[in-house]
Amino acid sequence: MMGEPRISAIVATFDRPQSLRRLLDSLAAQTRPVAEIVIADGGDDPETRAVAEDPAWGARGLAIRLLAISPPNAVRQRRAAIAASRGDLLLLLDDDVALEADCVAELARALAARADSVGVMADLSNEGSPPPTRVWRFALRCGLGMREGEWQGRVIGPLLRFGFSPAPAEITPIDWISACNSLIRRSAYVAAGGFSDFFLHRCTMNEDIDLSLKLRRFGALYFAPRARLAHFHAPAGRVTAEIAAEDDLFNRYMILRRTLGRSRAHALFLIVVYAVLESLGSMRRLSGTAGVGTREILRGRSRGLGRIIAGRADR
């Protein structure tokens with residue numbers, strides 16, 4: 001339709017050719033086509049390149065640009081893809097999602113329906129939004145005085161993010177949007193300074209929270225329940241649980257310090273509270289088969305906390 005804003009799909013990928021093919025299949029089936037798909041490939045897998053460069057996509061209406069990014073880094077890949085794109089709207093997707101046929105149309109409709117909107121997030125069709133754990137429910141109730149359900153759609157304290165459970169029927173304000181299933185205005189992305197560059201490892205945990213906090217300075221974020229996609233959490237290309245846990249803790253601190261401007265003492269306090277309460281919830285899993293992964297997570301948090309206490313994040 002004439003006058004509609006152009007949509008650029010932004011995809012960071014790393015050695016997941018089958019997941020990428022499923023994503024592209026779903027984009028080819030959209031009732032609201034995207035103008036282009038920019039894929040930033042952080043790996044060197046020839047099969048991934050073959051999927052992205054398959055001429056059959058052109059026959060199905062997809063215009064694909066492939067960028068090679070080395071070394072791999074999810075944020076650097078997304079930043080490069082956005083810089084190379086031309087759309088008025090940016091559709092942020094992971095390479096292991098698959099969109100329902102009306103997903104892009106519903107996201108665009110939700111964004112256009114709210115004059116103050118800078119970004120909207122789709123619902124996940126194959127998983128619900130997890131509520132706070134028992135430990136965090138107690139902390140939110142007794143530490144912050146929050147009533148049951150007040151956490152829904154919020155970013156709280158040490159950057160705890162919560163979705164909606166159950167999902168609302170209509171477009172609803174939310175504090176954050178994910179980098180795997182969201183549509184944002186390019187103008188707001190540019191005004192906000194885009195993705196930050198201080199993340200620790202290539203998995204760049206919490207980059208979506210950081211971007212959301214920056215976008216909200218220029219407008220509102222919304223949850224669009226009628227836009228739906230499935231997220232498959234493909235295991236290929238992922239870092240170890242230990243690296244992810246270190247990344248998670250360090251990046252939370254950096255966002256508190258640099259994006260939100262918290263003092264070192266306040267940010268460190270929140271991070272210690274987060275690490276302790278998260279770890280308390282894991283303690284009973286230390287024995288048995290689940291204990292191996294739990295020990296990796298605890299080691300990662302210890303390393304992340306060590307980096308912070310040593311002042312490496314503040315240099």
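Keep in mind that the numbers below use all heavy atoms, side chains included, and drop hydrogens, waters and symmetry copies. It should be emphasised that the depicted structure is a prediction, and the values quoted were computed from it without experimental measurement.
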Student: Is Arg114 close to Ile171 at the side-chain level, that is, under 4.5 Å between some pair of heavy atoms?
Tutor: yes
Student: Is a salt bridge present between Glu246 and Arg299, judged by a nitrogen-to-oxygen distance below 4.0 Å?
Tutor: no
Student: Check whether Asn251 reaches the backbone of Leu200 with its side chain - one donor and one acceptor, N or O, closer than 3.5 Å.
Tutor: yes
Student: Starting from Trp136, can I reach Leu144 by hopping between I/L/V/M/F/W/Y residues whose side chains sit under 4.5 Å apart?
Tutor: yes
Student: Which heavy atom of Ala74 sits nearest to which heavy atom of Thr204, and what is that distance?
Tutor: CB-OG1, 3.2 Å
Student: Does Asp123 come within less than 4.0 Å of Arg228, counting only side-chain N to carboxylate O?
Tutor: yes
Student: Show the nearest heavy-atom pair for residues Ser165 and Ser129, with the distance to one decimal.
Tutor: CB-O, 3.7 Å
Student: Is it the case that the side chain of Arg76 and the backbone of Arg202 share a donor-acceptor pair, with hydrogens and angles ignored and the cut-off at 3.5 Å?
Tutor: no
Student: Under the side chain to side chain contact (heavy atoms under 4.5 Å, CB included) test, which residues partner Arg154, sequence neighbours left out?
Tutor: Met146, Ile156, Asp175
Student: Does Asp197 reach the side chain of Arg79, with side-chain heavy atoms less than 4.5 Å apart?
Tutor: yes
Student: Short question: side chain of Arg16, backbone of Ala234 - any donor-acceptor pair under 3.5 Å?
Tutor: yes
Student: Check for a donor-acceptor pair, side chain of Gln77 on one end and backbone N or O of Pro72 on the other, with a separation under 3.5 Å.
Tutor: no
Student: Is there a side-chain contact between Glu296 and Thr240 (heavy atoms, below 4.5 Å)?
Tutor: yes
Student: As a quick check of understanding, evaluate side chain to side chain contact (heavy atoms under 4.5 Å, CB included) for Arg137 and Glu148, giving each step before the final call.
Tutor: CA-CA 8 Å; Arg137 280 180 186 270; Glu148 181 67 21; 2.4 Å; yes
Student: Do the side chains of Phe195 and Leu92 get nearer than 4.5 Å, heavy atoms only?
Tutor: yes
Student: Between atom CG of Leu270 and atom CD1 of Ile255, what is the distance when rounded to the nearest 0.5 Å?
Tutor: 12.5 Å
Student: Would you say Ile177 and Val34 are hydrophobically clustered, going by side-chain heavy atoms of ILVMFWY under 4.5 Å?
Tutor: no
Student: Given the rule in the side chain to side chain contact (heavy atoms under 4.5 Å, CB included) test, do Leu24 and Arg60 qualify, once you have shown the distances and angles that lead to the verdict?
Tutor: CA-CA 10 Å; Leu24 295 176; Arg60 297 181 64 185; over 6 Å; no
Student: Using 0.5 Å steps for rounding, measure from the OG atom of Ser182 to the CD1 atom of Ile174.
Tutor: 8.5 Å
Student: Kindly indicate whether the side chain of Ile39, heavy atoms from C-beta on, has any atom under 4.5 Å from the side chain of Asp95.
Tutor: no
Student: Decide yes or no on side chain to side chain contact (heavy atoms under 4.5 Å, CB included) for Glu278 and Ile297, but give the supporting numbers first.
Tutor: CA-CA 10 Å; Glu278 281 289 289; Ile297 292 170; over 6 Å; no
Student: To the nearest 0.5 angstrom, please state how far the CZ atom of Arg49 sits from the CG atom of Asp54.
Tutor: 13.5 Å
Student: Each residue besides Phe14 in its hydrophobic cluster should be listed here, by chain and number; the cluster joins Ile, Leu, Val, Met, Phe, Trp and Tyr at side-chain heavy-atom distances under 4.5 Å.
Tutor: none
Student: For residues Ala224 and Ala110, report the shortest heavy-atom separation together with the two atoms involved.
Tutor: CB-CB, 3.7 Å
Student: Would you compute the distance between atom CG of Leu107 and atom CD of Gln30 and round it to the nearest 0.5 angstrom?
Tutor: 9.0 Å
Student: Would you say that Leu140 contacts Pro132 through its side chain, given a criterion of any heavy-atom pair below 4.5 Å between the two side chains?
Tutor: yes
Student: Does Arg185 reach the main-chain N or O of Leu111 with its side chain, forming a donor-acceptor pair under 3.5 Å?
Tutor: yes
Student: Contact between Leu23 and Ser19 at the side-chain level, heavy atoms closer than 4.5 Å - yes or no?
Tutor: no
Student: State plainly whether one hydrophobic cluster holds both Leu124 and Met121, where clusters connect Ile, Leu, Val, Met, Phe, Trp and Tyr through side-chain heavy atoms under 4.5 angstrom apart.
Tutor: no
Student: Tell me if a side-chain donor or acceptor on Arg78 pairs with a main-chain N or O of Ile10 at a distance below 3.5 Å.
Tutor: no
Student: State the CG-OG1 distance between Leu93 and Thr13, to the nearest 0.5 angstrom.
Tutor: 11.5 Å
Student: Establish whether Phe269 and Leu280 are linked, either directly or via other cluster members, by ILVMFWY side-chain heavy-atom contacts under 4.5 Å.
Tutor: yes
Student: Is there a donor-acceptor pair closer than 3.5 Å between any side-chain N or O of Trp176 and the backbone N or O of Leu211?
Tutor: no
Student: Suppose we screen for side-chain hydrogen bond (donor to acceptor under 3.5 Å, both in side chains). Which residues come up paired with Tyr274, at least two apart in sequence or across chains?
Tutor: Asp248, Arg252
Student: In this structure, are over 12 heavy atoms from other groups packed under 6.0 Å from Asp44 atom CG?
Tutor: no
Student: Taking all atoms of both residues into account, what is the closest heavy-atom pair of Arg86 and Ser8, and its distance?
Tutor: N-OG, 3.6 Å
Student: Could you give the side-chain donor-acceptor pairs of residues 62-69 under 3.5 Å, partners two or more places apart or in another chain?
Tutor:
from, atom 1, to, atom 2, distance (Å)
Arg65, NH1, Ala84, O, 2.3

Student: Please check this pair: side chain of Asp94 against backbone of Asp96, looking for a donor-acceptor N/O pair closer than 3.5 Å.
Tutor: no
Student: Not counting sequence neighbours, which residues clear side-chain hydrogen bond (donor to acceptor under 3.5 Å, both in side chains) with Asp41? List them please.
Tutor: none
Student: If you round to the nearest 0.5 Å, how far is CD1 of Ile7 from CG of Leu91?
Tutor: 7.0 Å
Student: Check for a donor-acceptor pair, side chain of Ser196 on one end and backbone N or O of Phe198 on the other, with a separation under 3.5 Å.
Tutor: no
Student: What I want to find out is whether Arg32 reaches Glu106 closely enough, with some N-O distance under 4.0 Å, to be called a salt bridge.
Tutor: no
Student: Is the shortest heavy-atom distance from the side chain of Tyr222 to the side chain of Asp116 under 4.5 Å?
Tutor: yes
Student: side-chain hydrogen bond (donor to acceptor under 3.5 Å, both in side chains), that's the test. Do Tyr253 and Arg258 meet it? Break it down for me.
Tutor: CA-CA 8 Å; Tyr253 177 82; Arg258 296 197 185 178; over 6 Å; no
Student: Is there a path of hydrophobic side-chain contacts, each under 4.5 Å between heavy atoms, that joins Ile308 and Ile209?
Tutor: yes
Student: One pair to check against side chain to side chain contact (heavy atoms under 4.5 Å, CB included): Leu159 and Leu213. What are the steps and the verdict?
Tutor: CA-CA 10 Å; Leu159 307 180; Leu213 293 170; 4.2 Å; yes
Student: Return the set of residues passing side-chain hydrogen bond (donor to acceptor under 3.5 Å, both in side chains) with Thr48 (not counting sequence neighbours), or none when no residue passes.
Tutor: Asp45
Student: Classify the angle between the aromatic ring planes of Phe223 and Phe164 as parallel (below 30°), tilted (30 to 60°) or perpendicular (above 60°).
Tutor: tilted
Student: Start with the C-alpha distance between Arg186 and Ser85, add both sets of side-chain angles, then the distance that settles side-chain hydrogen bond (donor to acceptor under 3.5 Å, both in side chains), and finish with yes or no.
Tutor: CA-CA 10 Å; Arg186 178 187 290 276; Ser85 69; 2.4 Å; yes
Student: For Gly87 and Glu36, work out which heavy atoms get closest and say how close.
Tutor: N-OE2, 3.7 Å
Student: Do any N or O atoms from the side chain of Asp247 and from the backbone of Met205 form a donor-acceptor pair under 3.5 angstrom?
Tutor: yes
Student: For Ala230 and Asn126, work out which heavy atoms get closest and say how close.
Tutor: CA-OD1, 3.5 Å
